Protein chains: 2
Amino acid sequence: MAKETKNTLRDSVYSSLKAMIVTGQIPPGSRVTESDIAAKLNVSRTPVREAFNRLERDGLVTGRPRQGYVVTEFDISMFREAFEIRELLDGHATELAAAVATEQDKARLRAILTECERLAAIPDRTTREKFQELEAGIDLHRVIAQISGNVMLHGMLCGILDKCQHYVWTELLWLDEWKIARDEHAEIVDAICAGDASRAGTLARAHVRGSRDNVLRLLQAKSDYQSFLAKAS
Amino acid sequence: MAKETKNTLRDSVYSSLKAMIVTGQIPPGSRVTESDIAAKLNVSRTPVREAFNRLERDGLVTGRPRQGYVVTEFDISMFREAFEIRELLDGHATELAAAVATEQDKARLRAILTECERLAAIPDRTTREKFQELEAGIDLHRVIAQISGNVMLHGMLCGILDKCQHYVWTELLWLDEWKIARDEHAEIVDAICAGDASRAGTLARAHVRGSRDNVLRLLQAKSDYQSFLAKAS
DNA sequence: ACACTCAAAATTGTATACAAGATAGCATGC
DNA sequence: GCATGCTATCTTGTATACAATTTTGAGTGT
């Protein structure tokens, strides 16, 4: 069941698990046991353990000694923290990217935008196509960070995005506000292509703040609804 | 030889190794083998492997499949990247800290400053005492990040500081410029205690830039000297 | 003296066996 | 009916055996 037989089993187990968590196939709060995963992937527990270690370091699962691992659940405050950091890092990365982007880089960004528009324009599109659009939108930020040239910055931003992504998949997917992000993405790419670092940075920071407000509002509403249900029962 | 028998061997191996790397006992570029560490710590290879996985995720060691692990060597560009990120994160953390610090927090910061001054004032001090002052100076930043209340921010900053620390120990130790940092630290703590978030942030960012310039100048000089030696031979 | 080949040693990757601790369920006593 | 304690089971923690791969070094041929 391992997607691709890479160099080591540990790596492919890690990739498989990470993909399953990030896409929400294994939802937050799920208990994951070494034996189950090992059996499912037809490997021994050893590579699974090592994959778990790395995932724990990534913050995707949390484990307490001798009590097993659980897919990390984000609460509202963790989201607030994550977006606060993203505003700093993403803003800076976008500034840098605008300053150093080559023509090839710019073409790459425009291609992602085009793909987003194409997916958005499909009438009566499937869930899968919605997923793809969201994925591409997140990827835009990853690519911008990569273009910035600061490898460490790129790595840290990817880490944060991974951690938040499964919530985007499962929650944000149904929000119409997403089309706002589409416009903002286009503006950011414009600024980068124009080489206007300052404007690109400002737009990126505003974009992250906007996303944060949307996500937090949704989570708050959900939390309120759940406590309402709890009180009613 | 494991310093403290904690809950799990993996954790104590991780702590021991991390301490040895961060303090420079195992210098950057050293090859570390599982068997050696396992023998040295009187444990089997299994917990050592898991510790290595975590250390690799921390960026303290780098390993290629079937080729073993090496304590990560920082080149100049990696330092530049790290300090660029620190300027963002440290600046923001300091702003936050100034906004939310309680009296207890402020006392904690002042205590660290006092300790630094005490250690700095010792005449003919030992290397150990110099170490302790540097350690305290770095700890100040960790505590500020903790006071900020953003747990993720604190974690990320600690990660960066850990990665750079062994260089501070082995290189920066001999720089007189360190006493500049002492004054700047005092100013930052002053601003935090005064609740002046904007000033605290500005000072912190300038401080990180200053540290960066010092470190980069030193590393550049060292690199130049080494290429001079190479040419001469 | 140099290069190439092959084998042996060292090192990591994986599997499995066993130990220790935690959880859950059942039985027992009140 | 409820609480408490025990046991059985499940899960992780550790050690060790074995497989696979890389590196190193000796030896041979030119």
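Just so we're clear, the structure is a prediction, and the values are computed from it rather than from any experiment. A note on names: the letters A, B, ... follow the listed sequences, proteins ahead of strands, and every chain is numbered from 1.
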Open item on the list: Walk along nucleotides 8-14 of chain D from 5' to 3' and tag each nucleotide B, S or - by protein heavy-atom contact under 4.0 Å, base first, then sugar-phosphate.
Closed with: ----BBB
TODO: Can you sort out the partners of A/Tyr14 under ring pair (Phe, Tyr, Trp, His ring centres under 6.0 Å), two or more places apart, ordered by chain and number?
DONE: none
Open item on the list: Expressed as a whole number of angstroms, how long is the span from A/Tyr14:OH to C/dG13:C1'?
Closed with: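 Distance, rounded to whole Å: 19 Å.
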Task: Residues in salt bridge (Lys or Arg N to Asp or Glu O under 4.0 Å) contact with B/Arg108, at least two apart in sequence or another chain - done: none
TODO: Check salt bridge (Lys or Arg N to Asp or Glu O under 4.0 Å) between B/Glu135 and all other residues, then give those that pass, not counting sequence neighbours.
DONE: none
- [ ] Please collect all ring-ring contact (aromatic ring centres under 6.0 Å, His included) contacts where either partner lies in residues 135-160 of chain B, sequence neighbours excluded, each pair once.
- [x]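 For residues 135-160 of chain B, and leaving out neighbouring residues, the ring-ring contact (aromatic ring centres under 6.0 Å, His included) pairs sorted by first residue read B/His141-B/His185, B/His141-B/His207.
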- [ ] Scan residues 23-51 of chain B for pairs that pass ring-ring contact (aromatic ring centres under 6.0 Å, His included), counting only residues two or more places apart or in two chains.
- [x]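 Matches after skipping sequence neighbours: none remain.
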